[in-house]
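Remarks on the structure that follows.
Per chain, numbering begins at 1; letters A, B, ... match sequence-line order. Given the structure is predicted, the values throughout are model-derived calculations rather than measurements.
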Amino acid sequence: MEAFQLLSSGGVKFNKTKYEKDVRLFTKNKLTTKKRSLSNPSPDEIPAELDFFKYARNSTGKRKHIDSSSDRPRDKKRRFDEDKDDTDQETEGPEPQGTEKPQMKHKVTSRGNNIPEAIETFDHLRNEHQIPSQLLQNLPKNGYNHPTSIQSHAIPIILGSRDLAAISPTGTGKTLSYLFPIMTALQAPISSMKGEVGFGVRALVIAPTRELAHQIHNECLKLVQGRKWRTILFSKATASTLADKNVRDKVDIIISTPLRLVASLRAETFDLRNVRHLVLDEADRLLDAEFLSQVQEIVAACTHPNIQKAVFSATLPAGAEKIAMEMLRDPIRVVVGLKDTPLPLIQQSLTYVADDQSKLPSLLTSFAKPYNPPVLVFTSTQPRASSLAEELTLNGIQNVDCLHAGMTKKERDDAVSRMRQGQSWILISTEVMARGMDFKGVREVINYDFPTSVQSYIHRIGRTGRAGQEGKAVTFFTDEDAPFLKSIANVILQSGQTMPDWIIKLPKPSKMKRKAMGKVKRPEMVNNARKIGRQDAIRKRDMIAGSKRREAKQAAEKKQKSPMMDADNSS
DNA sequence: AAAAAAC
């Protein structure tokens with residue numbers, strides 16, 4: 001591994017400046033709207049409700065439509081609560097974007113009671129809210145000049161102390177949509193509040209991976225510049241620091257992965273009694289079977305009566321949405337674009353590689369040609385990621401890096417920072433990197449191994465095409481992957497692109513067959529692969545047994561369900 | 001439907 005790292009860190013230096021210009025989020029006004037997909041001649045083949053571009057073209061479609069915000073002056077001081085009745089409202093808002101150039105328009109659908117008006121600029125918030133001036137100044141300083149769709153809708157909702165389920169595509173600025181209003185709601189660091197707001201952390205953000213938690217924390221730090229906020233990235237080290245009550249009581253915001261926090265809760269070295277804002281980022285991941293009981297434990301520990309909860313994700317399958325909605329109180333649900341649909345500006349393609357052995361040659365061929373670094377490559381397992389990285393390096397490919405959860409924290413941190421600095425040209429990774437990670441230069445995602453769900457697919461390819469940039473996503477498929485091909489093809493179709501006829505005409509696989517396919521083991525590429533994560537397997541097994549027990553217990557004492565919102569548009 | 005992720 002050391003040798004490999006030496007190899008991969010040597011060689012030609014990557015030209016960072018090449019990317020700097022398009023690295024900034026939201027600064028650009030050059031949102032490219034000349035997407036090939038607009039010239040895509042196939043809208044007639046797309047079911048009406050899936051035709052994203054109909055809205056984008058501003059033709060009359062269904063009730064929901066996109067209009068240009070500049071055409072329609074809006075009443076900026078409209079009250080939040082004009083409409084007092086209790087029925088669900090459907091509101092549709094335009095994307096309040098800049099006016100210089102035609103921009104990507106997203107359809108936004110909000111549902112819930114008394115939905116606050118979307119904002120058009122960050123400044124407009126001052127009409128209704130006390131925004132700490134330092135916070136407002138930090139926005140443009142960090143490239144946030146104009147709110148994205150999700151930001152303009154979510155910010156007033158969170159500021160209105162409402163629970164929120166927000167679904168917005170990858171790379172559309174979800175992090176700021178909760179960090180900014182939460183900091184506004186907190187008003188000032190707790191250390192300056194002299195006990196008026198109780199003691200202990202007031203805002204908590206949960207994310208499924210360390211890397212994502214880290215990234216969110218970095219965003220946080222950008223926003224708090226200039227004031228003495230204490231924002232903490234929960235880790236072993238910080239957790240022990242926080243065992244001191246004097247330190248603990250002066251913390252404002254905590255970002256954590258679930259299990260880390262649960263460990264501290266169980267050890268009673270930490271409590272969440274003062275938490276008034278709870279965010280689940282990548283909510284569907286956090287609510288899936290493996291995380292659910294931990295998340296429930298965290299939610300249960302947040303005992304403050306006025307707690308506000310928000311869930312964010314780019315995908316929210318019906319099952320996860322149901323759980324989320326049961327957790328929320330009188331929630332507002334905001335969907336930007338179409339649920340479970342990737343961004344149209346990612347150019348997606350499927351590449352047939354007969355079998356597993358044929359993947360490596362195919363990949364080598366594509367890297368033998370000039371390509372646009374950095375490229376993110378996804379594999380299905382940790383050993384496959386390690387050995388593929390090794391294999392590429394052995395084949396003379398420069399600056400290949402590897403990142404999976406079997407590596408040490410330091411190795412992982414290093415891999416991320418090399419990627420951020422542009423030193424990695426190719427990063428081979430597992431699902432750890434699939435969600436939320438914002439590597440701004442990523443031009444291309446390659447699914448070396450077929451994703452195991454449409455959600456996984458959407459999140460993986462969403463590592464490119466961020467903040468209005470174009471991106472490319474290639475997915476290898478073998479004969480074994482065939483049964484799942486159609487579901488991915490549907491996703492591609494839904495995002496406005498064409499598919500070869502034969503894929504569209506693929507029969508829907510029977511449940512039996514899918515089950516059978518699932519049992520087929522992917523051959524391990526274990527030529528000289530390093531076995532990582534074996535020792536973890538034992539611990540993991542014990543852990544799963546433990547959480548199973550807890551689940552059973554919880555199921556037994558499960559209370560009656562609250563009325564839930566219906567889930568739509570999920571497959 | 002399944003591997004990876006969380007300490």
Margin query: Over all strands shown, is A:P258 touching base, sugar-phosphate only, or nothing at heavy-atom distances under 4.0 angstrom?
Written below: nothing
Notebook entry, point to check: For B:dA6, does OP1 or OP2 lie under 4.0 Å from any side-chain N or O of A:R435?
Noted result: no
Check: Can you name the salt bridge (charged side-chain N to carboxylate O under 4.0 Å, His left out) partners of A:R435, sequence neighbours left out?
Finding: A:E282, A:D284
Notebook entry, point to check: What is the distance from CD of A:E211 to C1' of B:dA4, rounded to the nearest Å?
Noted result: 12 Å
Next item on the list: Can you check whether any acceptor in the base of B:dA4 is under 3.5 Å from a donor in the side chain of A:E290, or vice versa?
Entry: yes
Checklist line | Nearest-angstrom distance from the residue atom CZ of A:R460 to P of B:dA2 | finding: 16 Å
Item checked: Shortest non-hydrogen separation from A:A314 to A:H459 and the atoms involved -> CB-CE1, 3.8 Å
Checklist line | Phosphate OP1/OP2 of B:dA3: any A:T430 side-chain N/O under 4.0 Å | finding: no
Note to self: Looking at every heavy atom in both A:T351 and A:V474, which two are closest together, and how far apart are they?
What the structure shows: OG1-CG1, 3.4 Å
Next item on the list: Starting from C1' on B:dA6, measure out to CG on A:D288 and report it in whole angstrom.
Entry: 11 Å
Notebook entry, point to check: Just to confirm, is there a sub-4.0 Å distance from OP1 or OP2 of B:dC7 to any side-chain nitrogen or oxygen of A:T257?
Noted result: yes
Note to self: What is the separation between atom CZ on A:R412 and atom P on B:dA4, rounded to the nearest whole Å?
What the structure shows: 13 Å
Margin query: Among residues at least two apart in sequence or on other chains, which ones pass side-chain contact (heavy atoms from CB on, under 4.5 Å) with A:F199?
Written below: A:D249
Note to self: Whole angstroms only, please: what is the CZ-C1' distance between A:R285 and B:dA5?
What the structure shows: 5 Å
Margin query: Tell me the interatomic distance from A:H404, atom NE2, to B:dA5, atom P, rounded to whole angstroms.
Written below: 8 Å
Check: Within the structure shown, what part of the strands sits under 4.0 Å from A:S456 by heavy-atom distance: base, sugar-phosphate, or nothing?
Finding: nothing
Notebook entry, point to check: Nearest to the side chain of A:V432 - B:dA5, B:dA4, B:dC7?
Noted result: B:dA5
Next item on the list: Can you tell me the distance, in whole Å, between the CZ atom of A:F484 and the P atom of B:dA3?
Entry: 11 Å
Next item on the list: Grab the CE-C1' distance between A:M433 and B:dA4 for me, whole Å please.
Entry: 12 Å
Next item on the list: Measure across A:A389 and A:T393 and return the closest heavy-atom pair with its distance rounded to 0.1 Å.
Entry: O-OG1, 2.8 Å
